[in-house]
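Below: one structure, written as structure tokens.
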Amino acid sequence: MQQEYIPADIETAVQQWWHDQQTFRTVEDPHKEKYYCLAMFPYPSGQLHMGHVRNYTIGDVISRYQRMQGKNVLQPMGWDAFGLPAENAAIKNKVAPASWTYDNIDYMRGQLQRLGLGYDWERELATCTPEYYRWEQWLFTRLFEKGLVYKKTAAVNWCPVDNTVLANEQVVDGCCWRCDTKVEKREIPQWFMKITDYAEQLLNDLDQLSGWPEQVRAMQANWIGRSEGVEIKFGITESDEVLSVYTTRPDTLMGVSYVAVAAEHPLALRAAQTNIELQTFIEQCRQMETSEAAMETAEKQGVATGLMAIHPVTGELVPVWAANFVLMGYGTGAVMSVPAHDQRDYEFANKYGLPIKQVIEPTDSAEYDLSKAAFTAKGALINSQQFDGLTSADAFNAIADFLEQQNKGEKQVNYRLRDWGVSRQRYWGTPIPIINCPDCGAVAVPENDLPVRLPEDVVVDGSGSPIKSMPEFYQCACPQCGAAAERETDTFDTFFESSWYYARFTCPDNDKAMLDERADHWLPVDQYIGGIEHAVLHLLYARFFHKLMRDEGLVSGDEPFKNLLTQGMVLKDGTKMSKSKGNTVDPQALIDQYGADTARLFMMFAAPPEQSLEWSDKAVEGSNRFLKRLWRSVQEHIEQGEVAELDIDVLSDELKALRRQIHQTLTKVGDDIGRRHTFNTAIAAVMELMNTLGKLTDNSEQARAVIQEALEIAILMLSPITPHICHQLWQLLGHDEAVVNVSWPQVDESALVQDKVELMVQVNGKLRSKVSVVADADKDAIELIAMADENVKRFIEDKEIRKVIVVPGRLINIVVAG
RNA sequence: GCCGGGGUGGCGGAACUGGUAGACGCGCUGGAUUCAAAAUCCAGUUACUUCGGUAGUGGGGGUUCGAUUCCCCCCCCCGGUACCA
């Protein structure tokens, strides 16, 4: 009597069994190869979304596969629990961010467990607990003593009506999301970490990351943006001031027709005191959003400051302009402008009627037209006095040397990377462990006084962080002189917490230290999995933190993540699922209706992990259908009773072919899961095998033996993807040991041997026929057989054969004239 | 704007190293089963075709015996853009 496939029953039972057996509890084992698999931990937003299901299923499939390879697999899970949404929810629902967050964690933990993910829950952590954040406070104070953190003013988005700082996300079309007021830029003092001190390492160590996608390494390299150039000093007339500019094209120095400074540049601010037009312009720039996209796409505008700069070589005077495209945060906040050889300068010069002076001409016959566009390629110098005739490369050095001798400039390596501003004027985050004393200045909170606890019993109303109006939080004594002082009320950027959680998972129970020797046992993470949207920021900050922790003696490697898999998004109707678009699909409903195995199978089958995945209700049904067929196939097989021993010497050709397919599939699936991570093609291969099996009409003893082999191998291959149904079917096939503890099957090489192969026959690159030849046929024999083929003859008769190309095992191409 | 990725049947995708374009799945069509439906099973399914073939992987050009794959130019979509996580 056949059992029906009821996923909910099977899955609950199997999950209970894993729980009882402590299947996924992991302890360090010196006798086994370790494998640390980590999927980016979620923000506890309230419920899982499809992106989570995809992310964690990928991690679980890899973890289970590696376990079948005999490795000691660590797969932990936790919560990136600080962040803005908790404050928004607090305002909306009048509930404290802490309780909202903890409730969400409890609910989402249940959802993850229902998906059958093999986590070691004993290592669970939440970043909003003092047990976690105390250690990053501790690290920050260490870095403070080392001089790796500092305070300076930086621009934020400011809403003048709500009197609060806005995240870029809270700025909609340049206005506050809540009151629609025009957002302003405001400069306020903030803490920065000197990531630029590590720029060179962060760039160079990308070479160690051969297990990372090339595109992510490229993005990080571009983000760090190392450039070699020259810092050049321009004098300012009627003053002793020096205006430094940074350029990567010193060869164009003689073509400078103006100098542009950022609106917030001290020189512009000073000139504005006596210049109404400039004042207005700076005011306008203040109304710009702080995001790079907004800055760069805004129309290029400027105002002359009235100041004149002195050219360091010729002594000529060139005007100083304030311009909205010059960023105060990059280089020196000032650039020299060479309209003839830079497109942005060119457009700006045309707009404001500034001179365009050509100083570079091509060394080849490249065409250019300065009346239409700038000539931006390198070449040879003209109109450049003593530097005429030099190539751009030679002129780079000649001009740099000249300036250095004159004390008017020097070569410099510059990075696009800016120091990391970690201050947030928000409540729901880790308090910055600094005390501001009127006499001693900024003082780190002593180790004994850590953690600085964030009060959790608060009311958030949108008018700014509640701890900023809690004297009981911020009033304190200076740890150095004992005078009355005030605590920082800003909190850390939440990227702070997510920059080291991977390490804490190795020793989450240690209450004496940030990390212990277990960190070096498990790190680096062997496989890290997360969204491509994290390609730069999170992954760069985590790499930076790893190096900080290394230099503190906490870990010994240079890099945290050996292999990286960047998963694509889950889309519906071609766009990202989002509440605002109303195109979300709740994974819970999916699990409730079809079970976790179907959800997992669909996620793995619908697209390769790195590509975006288009949601489809119908395709989910298809995945479910396959599992039902699989279930039935096993049931029908076992109903026929005992299976005889397989004797490979007596098999029919059909059964030999089936065994070949079984072991070809096994080879492919192992490669697809283990190396390529293309779970979709792995599943397709198993489906093909099952389709072949379904067509088999032979029900001899030996056929049943081969079917048993096929089903066993199919179940083992699918078990990392759909572990619950496979657990059950494995038992039905007569095994006592649980499938989760079984090793990956061995390929029988002898089954793969083939005596005949099919070759494609092309004439002039077009497929004309197929021929079957013995596997070890030589080129001449293949040629003869192909030429003799009727269909081929038609296309080659009466024609001169120019060439014959034979690709062994694949095809033969006959090239004829005419 | 800048950086990165993508574009293949009606749809999701496959083709891994330049060698059978469209595996596998969905959908659709026809059939079987059924009182009927659902479910299930079987067959077919790129377009055009004089049934020999021809065209075809966003558009245009190039390299090659052979290009979805390599090169050049262009178009469109998506991600990131430093205070969303």
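In what follows, every chain begins at residue 1, and chains take the letters A, B, ... in the order their sequences are listed. Bear in mind that the values here come from a model prediction, so they are computed numbers and not experimental data.
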### Task
Taking only the side-chain nitrogens and oxygens of A:Arg629, find out if one of them lies under 4.0 Å from OP1 or OP2 of B:C41.
yes
Within the structure shown, what part of the strands sits under 4.0 Å from A:Ser612 by heavy-atom distance: base, sugar-phosphate, or nothing? sugar-phosphate
Does A:Lys194 pair with A:Asp419 as a salt bridge, N-O distance under 4.0 Å?
no
Exercise for review: State, without any angle test, whether A:Thr598 and A:Asn624 hold a side-chain donor-acceptor pair at a distance under 3.5 Å.
Suggested key: yes
Check: Is any side-chain nitrogen or oxygen of A:Thr494 closer than 4.0 Å to OP1 or OP2 of B:A85?
Finding: yes
Next item on the list: Answer yes or no: are there more than 12 heavy-atom neighbours, outside A:Lys92 itself, under 6.0 Å from its atom NZ?
Entry: no
Does B:C2 have OP1 or OP2 sitting under 4.0 Å from an N or O in the side chain of A:Arg416? no
message = Check the phosphate of B:C41 against A:Arg632, side-chain N and O only, distance under 4.0 Å to OP1 or OP2. Yes or no?
response = yes
Judged by whether its glycosidic angle lies within 90° of 0, B:G62 is anti
- Query: OP1 or OP2 of B:A15 sitting under 4.0 Å from any side-chain N/O of A:Arg676?
  - Reply: yes
With syn meaning chi within 90° of zero and anything else anti, the base of B:G53 is anti
Encoded 5' to 3' (Watson-Crick or G-U under 3.5 Å; [ ] crossing; | other strand), RNA chain B becomes (((((((..(((......[....)))((((((.......))))))(((....)))..(((((..]....))))))))))))....
message = Would you say A:Trp177 and A:Glu169 are linked by a side-chain donor-acceptor pair, where the criterion is simply a distance under 3.5 Å?
response = no
Which of B:C3, B:G1, B:U54 is nearest the side chain of A:Ala293? It is B:G1
Hey, is A:Lys628 close enough to A:Glu621 for a salt bridge, meaning N to O under 4.0 Å? no
| field | Distance below 4.0 Å between A:Asn680 side-chain N/O and B:A14 OP1 or OP2 | value | yes
query = Any side-chain N or O of A:Arg768 less than 4.0 Å from the OP1 or OP2 oxygen of B:U54?
reply = yes
| request: Kindly indicate whether a cation-pi arrangement holds for A:Lys152 with A:Phe192, taking the cut-offs as under 6.0 Å to the six-membered ring centre and within 45° of the axis. | output: yes
By nearest-heavy-atom nucleotide on RNA chain B, the more 5' of A:Glu614 and A:Gln762 is A:Glu614
Within a reach of under 6.0 Å around CG of A:Asn163, are more than 12 heavy atoms found that belong to other residues, nucleotides or ligands?
yes
On the nucleotide B:A82, are OP1 or OP2 found under 4.0 Å from the side-chain N or O atoms that A:Gln190 carries?
no
Taking for A:Met569 and for A:Ser291 the nucleotide of RNA chain B with the nearest heavy atom, the one nearer the 5' end belongs to A:Met569
Would you say the side-chain atoms of A:Glu497 and A:Thr430 include a donor-acceptor pair closer than 3.5 Å? yes
Quiz item: Hey, does A:Leu417 reach any base, or is it just sugar-phosphate, or nothing, if we go heavy atoms under 4.0 Å?
Solution: base
Picking from B:G12, B:A82, B:U20, the nucleotide nearest the side-chain atoms of A:Arg810 would be B:U20
Counting only side-chain nitrogens and oxygens, does A:Asn222 get under 4.0 Å of the OP1 or OP2 atom of B:U81?
no
Exercise for review: Scan A:Arg344 against the nucleic acid and name what it touches under 4.0 Å (heavy atoms): base, sugar-phosphate only, or nothing.
Suggested key: nothing
Regarding the side chain of A:Met760, the nearest nucleotide among B:A14, B:U20, B:A85 is B:U20
